[in-house]
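Only one structure is covered here, and it is reproduced in the block below.
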Amino acid sequence: MNLEYAGSENLVVNTDTPPGSKPIVCPTPIIKADRLSYLIWDEVDLNKQEAFLLDFGMKTHQKDQQSLYMRSYGDEPYVYYARQAKKSAFRGLGVSVNSRKDLERLAKKTDKQIEKIQHPGGGEVVRLIDPTGLEVEVCFGIKKVDPIHTRRDALPVNTPNHHPRVNIGQRESLAPSPVLKIGHCVLGSNEIEKTIEWYMTHLGLLATDVLCLEDGSPIIAFLRMDRGGEIADHHTIVIGKGGGEGYMHSAYEVVDVDAVAQGQQYLKMKKRKHYWGMGRHLLGSQVFDYWHDTNGREFEHYTDGDVFTSDRKTEYYPMDPGNIYAWGDDIPASMFKPNTKQVLNIIRGLFKGQFSISWLKKAKKSTSRSPRPWL
Ligand SMILES: [Fe+2]
C-alpha cells in the first residue's frame, strides 16, 4: 500500500478500511482483447477537428462530407473515426482481437451478430454497449496499413559518464509530434464496480492499480489488456467515478520526452488550448502533456509509460491528488472541481441511488487535499 510521493507523509489512511479492503474481483472473461484501436465520435465540424488533430500529430487517412478517419504513424488505418452530426459527442471505442474465434465466442455469449466493417480496411466486428451506454466495437481482420516513416528511437542523451553525441547538437524541427499509437481512454461511470466488471468480462481486462476512498472502495481503476507473457501498457481503459459519465480523456503515444515537449511547442504556436503538463504520472509513469480539442475535450500526448505482463498483481492506493503526478506543472484547479455538467450528473445519480451523501463526502475529502502540501 505504500506509495511514496510528494506530501504522502502527511496523508492519514484509514487502517480499518485500507485501500483494497474492497478488492476488485476478476470475473472469468469471455475473451481477451489485444489492443485499443480507435475511438468513435460525432462531430459538428469535421474540418475544424481535422485541423486540430493534424496539429496534434495525427494524419488524415480518409475524409468525405460524412466521415473523418485520422490515423497514427503506426499500422492501423484509423485511431480516430468521426461521423458528421448535429451535436459533437463521444460515442465509444474500438478494440481488436487476434483471432476470429474470439469474435465467434463473443458473438455467441452476448447473442450478437458478427458484422462486416464498412470502414477503410474492412474487417469484422461484434458491437456491444457498455453499462454507461457507450459503443464498444470488438474488431478482427482490419487490414493494416504501411507505417509512416518517422523517428521511432529516443534521442541519444549525453550524461556525465556517457556521451553518445559528440560534435552533434540536439535539435528537433518545430512540427507536430507524430502520434505513434492510441494508448488509453479514460471513462467516467456512476456505477464503477459494474462498469469495471463489464470490461473485465467482455474484454478480459486486468486491474493494474486502483485508487480507493477511505472506506476501501475504488474510485479510479487503471485497467490493462491481458496479453499473457507479452507486455501491455499500465492502462488501456480507466474507469473513474464522480467526474461524470462517458469520455474523460484519451492519450496518444509519442516517441520520447523531447517529442512531448516539441509537440507542446508546436501546439502553442498554433494557439491550441493547453490544459496540463508537462509532468510525469506516478501510476503508469508516463511523461504527459494535456490539450483541449476544438470541443474542449482532453487529448493527451504521452511517452515512457510502464508496461506489464499478466503476472503483475493488482495494487491499491489511497485517492489523493498528490499521487496523480510525480513531478510537473501544478494540477489545474478544475481537475477535481465538478463543472455544471458533472454536478447535474451527481444530482441525477443521487436520485438513481448511484451516489450517497456519505460517498460524496468521502470523495470530496480525498480529492480536496493539496497535491503538494507546501503549495
Ligand atoms: Fe492519461
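Sequence positions, counted from 1, serve as the residue numbers for this chain. Remember, it's 1-based here, ligands and their atoms both numbered in the order they're listed. Below, all heavy atoms of this structure are taken into account, side chains as well, without hydrogens, waters or symmetry copies.
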Among the N, O or S atoms that His249 has, which is closest to the Fe ion (ligand 1)?
NE2
Backbone N/O of Phe222 and side chain of Asp209: donor-acceptor pair under 3.5 Å
no
Check Glu300 and report its N/O/S atom nearest to the Fe ion (ligand 1), by atom name.
OE1
From Leu53 CG over to Thr294 OG1, what is the distance, rounded to the nearest 0.5 angstrom?
8.0 Å
Test applied, ring-ring contact (aromatic ring centres under 6.0 Å, His included); reference residue, Tyr69; option that passes from Tyr78, Tyr38, Tyr80
Tyr78
How about Glu43 and Asn295: does a side-chain donor come under 3.5 Å of a side-chain acceptor?
yes
Got an N, O or S from His235 under 2.8 Å of the Fe ion (ligand 1)?
no
